[in-house]
Q: 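Take this structure, written in structure tokens, and hold onto it; I'll ask about it next.
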Amino acid sequence: MVDIKSESDIAKMRVAGKLASDVLSMIGPYVKPGVSTEELDQICHDFIVNNQKAIPAPLNYRGFPKSICTSVNHQVCHGIPASTKILKNGDIINIDVTVIKEGFHGDTSKMYFVGEPSILSERLCKVTQECMYKGIEIVKPGLHIGDIGAVIQEHAHNNNFSVVRDYCGHGIGRNFHESPQILHYGIKNTGIRLQEGMTFTIEPMINSGKYKTKLLNDGWTVVTQDHSLSAQWEHTVLVTNNGYEVLTIRHEETGI
Ligand code: MF3
Ligand code: CO
Ligand code: CO
């Protein structure tokens, strides 16, 4: 069952979404060569708990040990922050933040360049962000959910990249992950239709090589099977009466 949010639920989702997006803005200046992903986790944790008076949703979620996910280079998603993982010039990193405020979740992630990116890294991150926006921009009541995946897949393939199939976007609200699943590949005019008041994430993971993934022995970190680079961007989106509202939009984002 897909939960349809009431006006008061939506007001809380806006607050949670804004807090999550503020964390991504706050952490940007700290993403530099020499910093460890554990330090980034600590800074985000303290900001969420002390400043925002909110809860970092990943911490202890199904046993996840940290407050954010940090996925570097060929890591696809769910990377665990570690003191031994020190960022170096040319790395790309996804930081994925989910906060809970007044019982509601906001979930968002973005890519950061550590120092100077390679031409390929820069193109992969840009195309992945475009994939996310292309999925978001078509959201409106009545849309078939398969259309979201179809436009994302089309843009990735046009750029000779592949779409991760093992992980997807999700409904979000009182729960971190709820119905419906939002696949980032698919066929137009298939799947359920969107309704006003639905809230879900669109969070494409795009690989520079093949789509297949592998789970590391830590039980969390997902990597590309062929060790190619992977990028991901994520927003939490509300279906409005005539389109969409991005609940995790940041100031720097324009033209959407
Ligand atoms: N934030 C991730 C998502 O977009 C989920 C992370 S689950 C965790 O759905 F346990 F790894 F934090
Ligand atoms: Co998510
Ligand atoms: Co997320």
Side-chain angles (χ1 to χ4, degrees), residues 2-3 13 16-27 37-38 40-42 44-45 48-49 54-72 75-82 85 93-101 104-112 125 128-129 131-133 135-136 139 145 148-149 152 163-184 198-206 213-223 230-238 244 246-250:
V2 179
D3 184 46
M13 289 292 291
K18 172 74 164 65
L19 293 177
S21 72
D22 284 348
V23 178
L24 292 184
S25 301
M26 179 279 299
I27 200 65
T37 52
E38 184 170 77
L40 297 175
D41 176 75
Q42 191 66 52
C44 290
H45 173 91
I48 293 165
V49 171
I55 300 167
L59 189 59
N60 301 320
Y61 177 78
R62 301 187 181 183
F64 192 79
K66 295 287 180 180
S67 295
I68 59 171
C69 296
T70 51
S71 305
V72 181
Q75 296 178 344
V76 173
C77 62
H78 305 165
I80 303 173
K85 189 85 181 174
I93 178 173
N94 174 278
I95 299 182
D96 192 339
V97 169
T98 312
V99 305
I100 310 170
K101 184 78 169 181
F104 284 83
H105 291 71
D107 187 7
T108 184
S109 80
K110 62 163 284 190
M111 298 303 298
Y112 300 84
C125 292
T128 305
Q129 188 180 27
C131 283
M132 177 191 63
Y133 285 143
I136 291 171
V139 166
I145 222 164
I148 296 172
I152 290 171
V163 179
V164 170
R165 304 173 85 94
D166 298 331
Y167 302 88
C168 57
H170 49 92
I172 182 168
R174 289 176 184 80
N175 305 294
F176 197 161
H177 298 105
E178 47 186 62
S179 288
Q181 290 198 337
I182 307 290
L183 303 185
H184 303 115
M198 287 182 180
T199 49
F200 53 81
T201 70
I202 298 179
E203 51 179 300
M205 286 143 275
I206 306 294
T213 69
K214 189 175 82 181
L215 183 64
L216 296 190
N217 285 334
D218 63 18
W220 281 103
T221 310
V222 178
V223 299
S230 188
Q232 179 178 29
W233 293 75
E234 174 176 27
H235 271 313
T236 297
V237 176
L238 164 72
Y244 63 89
V246 180
L247 301 177
T248 45
I249 200 86
R250 294 182 305 282

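Ligands are counted one by one from 1 in listed order, and the atoms in each one are counted from 1 as well. For the single chain, residues carry numbers from 1 onward in sequence order.
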Q: Is a side-chain donor or acceptor of Ser71 paired with a backbone partner of Gly79 at a separation under 3.5 angstrom?
A: yes
Q: So if I count the atoms of ligand 1 from 1 in the order they appear, which ones are less than 4.0 Å from some heavy atom of Pro58?
A: 12 (F)
Q: So, His184 and Glu203: side-chain donor and acceptor under 3.5 Å apart, yes or no?
A: no
Q: So is His177 touching ligand 1 or not, going by heavy atoms under 4.0 Å?
A: yes
Q: Answer yes if the side chains of His177 and Tyr61 hold a donor-acceptor pair under 3.5 Å, and no otherwise.
A: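 Yes, Tyr61 and His177 have a side-chain donor paired with an acceptor closer than 3.5 Å.
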Q: Flag Glu203 as yes if one of its N/O/S atoms falls below 2.8 Å of the Co ion (ligand 3), otherwise no.
A: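 Of the N, O and S atoms in Glu203, none lies under 2.8 Å from the Co ion (ligand 3), which means no.
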Q: Near Thr98, which atoms of ligand 1 are under 4.0 Å from a heavy atom of that residue?
A: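 Reading through ligand 1 atom by atom, the close ones are 1 (N).
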Q: Closer than 3.5 angstrom, by distance alone: can the side chain of Asn94 be matched with the main-chain N or O of Gln232 as a donor-acceptor pair?
A: yes
Q: So does Gly17 get a backbone contact from the side chain of Thr248, meaning a donor-acceptor N/O pair under 3.5 Å?
A: no
Q: Heavy atoms only: give me the nearest Met205-Cys168 pair and the separation to one decimal.
A: CE-N, 4.3 Å
Q: For ligand 1, note which part of Arg62 has a heavy atom under 4.0 Å away: side chain, backbone, both or neither.
A: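 Neither; no heavy atom under 4.0 Å.
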Q: Taking atom types as modelled, find out whether Asp166 and Thr213 have a side-chain donor-acceptor pair closer than 3.5 angstrom.
A: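 Asp166 vs Thr213: donor-acceptor pair found between side chains.
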Q: Would you mind telling me if ligand 1 is within reach of the side chain of Cys69, the backbone, both or neither, using heavy atoms under 4.0 Å?
A: side chain
Q: Kindly give the atom name of the N, O or S atom of Asp107 closest to the Co ion (ligand 2).
A: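 Closest to the Co ion (ligand 2) among those atoms: OD2.
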Q: Would you say the Co ion (ligand 2) has His170 as a near neighbour, meaning an N/O/S atom of that residue under 2.8 Å away?
A: yes
Q: Which of the numbered atoms in ligand 1 are under 4.0 angstrom from any heavy atom belonging to Trp220?
A: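 Going through ligand 1 atom by atom, the ones under 4.0 Å from Trp220 are 8 (C), 10 (F), 11 (F).
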Q: State if Tyr167 counts as touching ligand 1 under the rule of any non-hydrogen atom under 4.0 Å.
A: no
Q: Any side-chain to backbone donor/acceptor pair from Asp107 onto Thr236? Under 3.5 Å, distance only.
A: no
Q: Which of the atoms of ligand 1 are close to His170, meaning less than 4.0 Å from one of its heavy atoms?
A: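 Reading through ligand 1 atom by atom, the close ones are 3 (C), 4 (O), 9 (O).
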Q: Taking only heavy atoms of Phe176, which atoms of ligand 1 are found under 4.0 Å from at least one of them?
A: 1 (N), 5 (C), 6 (C)
Q: For ligand 1, which atoms sit closer than 4.0 Å to a heavy atom of Glu203?
A: 3 (C), 4 (O), 9 (O)
Q: Using modelled atom types and a 3.5 Å cut-off, is there a donor and acceptor pairing between side-chain atoms of Asp218 and backbone atoms of Thr221?
A: yes
Q: When you compare the side chain of Val223 with that of Gln75, does any pair of heavy atoms fall below 4.5 Å?
A: yes
Q: To check your reading of the site, what angle at the Co ion (ligand 3) do OE1 of Glu234 and OD1 of Asp96 form, to 10°?
A: 100°
Q: Is it the case that ligand 1 has an N or O less than 3.5 angstrom from some N or O of Glu234?
A: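 Min N/O separation from ligand 1 is below 3.5 Å for Glu234.
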Q: Is the contact between Thr201 and ligand 1 made by the side chain, the backbone, both, or neither, using heavy atoms and a 4.0 Å cut-off?
A: neither
